[in-house]
Amino acid sequence: MTDQNKKPDDKPERQERPDKPQIPIGQLIKTRIEKVAVLREKGINPYPYRYDRSHKIAEALENFDKFVADETEVKLAGRIMLKRKMGKAIFADIHDMTGRVQIYIKIDNVGKPEFKIFDKLDLGDIIGVTGTLFTTQTGEQTVMVSTFEILCKSIHPLPDKHAGLVDKDIRYRRRYADLIVHPEVRETFIKRSQIIRSIRDFLNDRDFLEVETPILQPLYGGAMAKPFKTFHNRLHMDLYLRVADELYLKRLIVGGFDKVWEYCKDFRNEGMDRLHNPEFSMMELYWAYADYNDIMALVQDLLRTAAKKLHGGYKFKFEEHEIDFEPDFKQISMIDAVKEAIGLDLLPLDYEQSIEEAKKAEINTEGLINWGKVVEAFFERFVEPHLVQPTYIKDFPQEISPLAKVHRDNPRLTERFELFIAGLEMANAFSELNDPEDQLKRFKDQVKAGRAGDDEAHQFDEDYIRALQHGMPPTGGLGIGIDRLVMLLTDTHSIQDVLFFPQMKPEGQKSDSDTGTKD
RNA sequence: GGGGGUGUAGCUCAGUGGUAGAGCAUCUGCCUUUUAAGCAGAUGGUCGAUGGUUCGAUCCCAUCCACCCUCACCA
């Protein structure tokens, strides 16, 4: 976290306190540490270097009949999740990334000393087993273990084997434990990876060049948002964590790259809730010689591709909705959408008239400093919550779209659209403003708005104007919120559940007087 | 920021104005095809923190901390 109050040469605070370890060394852990010592005394390394698996668990089970017939010896590895001792035999379940399998250890097969070692193993230990496959009397496919190796001794007990981890706070803080005991959580993140991969493949197929641009920026721009601020000691200057990649990517368009995109983390210093995390993932893309209509077609293609990859088709469930990507995504202008919803045409109104209408509609007019903001407020109030099936809302007012090109049919509007699905804002795109004179004027308007108290107004980026002066071809640009896309496609309600490590406050410390915790 | 809720064993949760309980996990026995294995016994807690009321507080009150839900504001 950056902190404006901190002096530049402050050293980062130490998080851990060695005298007070965060994990209490309870009796359970003590017992396990003693087991580690016992293993070492027996000449067994509890943390060996490698293990040659012959198969993943799922592979062994897929070939079960064949392997039984051939008496194929398999070598599997995984974490012990359940253990059932039957006197001189033990059943256990081991898990790897692909699945689970039951293993069977008999004293007759492994010998008494080895059997005793296995008997002392704990839930959570990682082992490798060698054996053949068979089916038990109750019909379960099982590995008859001939030998086993300890691959990692686990010291910290796992959460309850049935209930798992319930406390959301602990699940996010100890995601490793959450992932061990909740396969469905693992599944969500595998899907996340598949979605990102399908986007990457889609763009590669269309000759978009994947690039990287600065995260630390001397000026922040490309989105209406409050930034995180930090300080570079040697340069002795403030830097900002990017709120968007936009202005750098468009500089690359100026530089002659026709199609560029970046998969990136952006940072916004604003509220946190089920849709917002201070750092989040975006995909931004810029396409020379295209306009926002081309981008609409591209987005529809891209989302269909991702949905098909994940669901095998274009229909899927999200919360109580069935989302359908099959029909062409609906398009409607923001003005028309409001008109359709409440019968009010905002287009012919001037600012004062629009404010009057807003008051009549009981919209809070605080901060609505221009006509564009009023239009947006009407849209958010009366239209946005009802957008379930994919809908392009297009032609945003100019005042709230400082980087978008003026609409070819109406100078009050811009060629900009946002895509809404299931009430979520999924994408934001424009025909990019490439007229340096107009961009200069828009920046000046933003600076004015900033002085008037709009703390999300754009900064004036002189070098960006200079880049546009060199000439940027007509360009269509796009940003897609990846976390929200993953939420949509995995039917997940909260952004924290599609981020491995969502932002959390530091873990609670003992609030006694030994530390100056107040600051 | 407003409203509501929660915080008790490693995990999941009961409970009471007289300093605590269950299931799972752990430890010790018995059990060679079990599967949330079973049976018998045992260990384990400054009951979120600090103050107050009280003879006595885990319980009542106040403050604080953390988390969850929700409204508002923003992406």
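In the text below, chain A, chain B and the rest are named by the order of the sequence lines, each starting its count at 1. What you see below is based on every heavy atom in this structure, not just the backbone, and it leaves out hydrogens, waters and symmetry mates.
- Counting non-hydrogen atoms under 4.0 angstrom, Asn277(A) reaches a base of the nucleic acid.
- Straight-line distance between the P atoms of G23(B) and U43(B): roughly 14 Å, to the nearest whole Å.
- More than 12 non-hydrogen atoms from other residues, nucleotides or ligands lie less than 6.0 angstrom from NZ of Lys75(A).
- Among the candidates Glu284(A), Arg416(A), Glu246(A), the single residue satisfying the side-chain hydrogen bond (donor to acceptor under 3.5 Å, both in side chains) test with Asn428(A) is Arg416(A).
- Rounded to whole angstrom, the span from the CZ atom of Phe91(A) across to the C1' atom of A36(B) amounts to 16 Å.
- Among the heavy atoms of the strands, none lies under 4.0 Å from Arg32(A).
- Going from the P atom of A57(B) to that of C71(B) covers 42 Å, rounded to whole Å.
- Here the nucleotide nearest the side chain of Leu28(A), chosen from U33(B), G10(B), C67(B), is G10(B).
- Each of U12(B), A75(B), U26(B) was ranked by its minimum atom distance to the side chain of Thr31(A); first place goes to U26(B).
- Looking only at atom types and distance, the side chain of Arg32(A) has a donor-acceptor partner in the side chain of Ser154(A) under 3.5 Å away.
- In this structure, Lys161(A) reaches the sugar-phosphate backbone alone: every heavy-atom distance under 4.0 Å involves primed, P, OP1 or OP2 atoms, never a base.
- Of the listed residues (Thr230(A), Asp266(A), Asn269(A)), just one forms a side-chain contact (heavy atoms from CB on, under 4.5 Å) with Leu241(A), and that residue is Thr230(A).
- Nearest to the side-chain atoms of Arg173(A) among the listed nucleotides C24(B), U33(B), C67(B) stands C67(B).
- In this model, no donor atom of one side chain and acceptor atom of the other lie less than 3.5 Å apart for Lys330(A) and Gln389(A).
- Distances were taken from every side-chain heavy atom of Asp160(A) (C-beta onward) to each of C11(B), U26(B), U32(B); the shortest belongs to C11(B).
- Out of A75(B), C67(B), U33(B), the shortest distance to the side chain of Glu425(A) is found at A75(B).
- Per the geometry, CD1 belonging to Ile90(A) stands 14 Å off C1' belonging to C30(B), to the nearest Å.
- Summarising the geometry, the separation between CD1 on Ile105(A) and P on U35(B) is reported as 16 Å, rounded to the nearest angstrom.
- Residue contacts shown for Gly367(A) are absent, as no nucleic acid heavy atom lies under 4.0 Å away.
- If you measure from atom CD of Glu270(A) to atom P of A75(B), you get 6 Å, rounded to the nearest angstrom.
- Taking atom NE2 of residue His276(A) and atom P of nucleotide C74(B), one finds them 10 Å apart after rounding to whole Å.
- Closest to the side chain of Tyr104(A), from the set C11(B), U32(B), C27(B), is U32(B).
- Phosphate proximity of A37(B) to Arg84(A): present, with a side-chain N or O under 4.0 Å from OP1 or OP2.
- Using bins of under 30°, 30° to 60° and over 60° for the plane-to-plane angle, the ring pair Phe443(A)/Tyr464(A) lands in the perpendicular bin.
- Base pairing in RNA chain B yields stems of at least 3 consecutive Watson-Crick or G-U pairs, both distances under 3.5 Å, namely B:1-7 with B:65-71, B:10-13 with B:21-24, B:26-30 with B:38-42, B:48-52 with B:60-64.
- The side chain of Lys120(A) contributes an N or O atom lying less than 4.0 Å from OP1 or OP2 of U28(B).
- Going from atom NZ of Lys88(A) over to atom C1' of C30(B) covers 9 Å, rounded to whole Å.
- When the P atom is compared between C61(B) and G7(B), the two are found 14 Å apart, to the nearest whole Å.
- The same atom, C1', is picked in C65(B) and in A49(B); the two are 7 Å apart, to the nearest Å.
- Taking atom C1' on both A22(B) and G15(B), the two are 10 Å apart, rounded to the nearest angstrom.
- Listed pair Lys30(A) / U43(B) fails the phosphate criterion, with no side-chain N or O lying under 4.0 Å from OP1 or OP2.
- Across C30(B) and U12(B), the matching C1' atoms stand 29 Å from one another, rounded to whole Å.
- A donor atom on one side chain and an acceptor atom on the other are found under 3.5 Å apart for Glu319(A) and His493(A).
- Regarding His458(A), its NE2 atom lies at a distance of 13 Å from the C1' atom of A75(B), rounded to whole Å.
- For Tyr220(A) and Phe228(A), the gap between ring centers reaches or exceeds 6.0 Å.
- For G45(B) and A40(B), the P atoms lie 25 Å apart once the distance is rounded to whole Å.
- Heavy atoms of Lys226(A) sit nowhere under 4.0 angstrom from any nucleic acid atom.
- The aromatic rings of Tyr104(A) and Phe134(A) sit tilted relative to each other, their planes meeting at an angle between 30° and 60°.
- When rounded to the nearest whole Å, the span between CG of Asp119(A) and C1' of C31(B) equals 12 Å.
- Every residue two or more places apart in sequence or in another chain was checked for a salt bridge (charged side-chain N to carboxylate O under 4.0 Å, His left out) with Arg484(A), and none qualifies.
- No donor-acceptor contact under 3.5 Å links the side chain of Thr138(A) to the base of U33(B).
- With a 6.0 Å radius and a threshold of 12 heavy atoms from other residues, nucleotides or ligands, Glu320(A) has its CD atom above the threshold.
- Summary of the strand contacts: Pro159(A) and Thr142(A) both lie near RNA chain B, and taking for each the nucleotide with the nearest heavy atom, the more 5' one is attributed to Pro159(A).
- In summary, the side chains of Gln102(A) and Arg84(A) do present a donor paired with an acceptor at a separation below 3.5 Å, with no hydrogens or angles considered.
- Comparing Asp108(A) and Arg100(A) by the nucleotide of RNA chain B whose heavy atom lies nearest to each, the residue mapping closer to the 5' end is Asp108(A).
- Within the nucleic acid shown, Asp169(A) comes within 4.0 Å of sugar-phosphate atoms alone, with no base atom in reach, counting heavy atoms only.
- In the displayed structure, Met272(A) atom CE is contacted under 6.0 Å by more than 12 heavy atoms of other residues, nucleotides or ligands.
- Checking C24(B), C27(B), A75(B) against every side-chain atom of Phe280(A), the shortest atom distance belongs to A75(B).
- Heavy atoms of Asp273(A) sit under 4.0 angstrom from at least one base atom.
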Scan nucleotides 69-71 of chain B against the protein and return all N/O pairs shorter than 3.5 Å with their distances rounded to 0.1 Å.
| residue | atom | partner | partner atom | Å |
| --- | --- | --- | --- | --- |
| C69(B) | OP1 | Lys168(A) | NZ | 3.2 |

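- A distance of about 13 Å separates the P atoms of C13(B) and U6(B), rounded to the whole Å.
- Checked against A75(B), U34(B), U12(B), the side chain of Gln102(A) finds its nearest nucleotide in U34(B).
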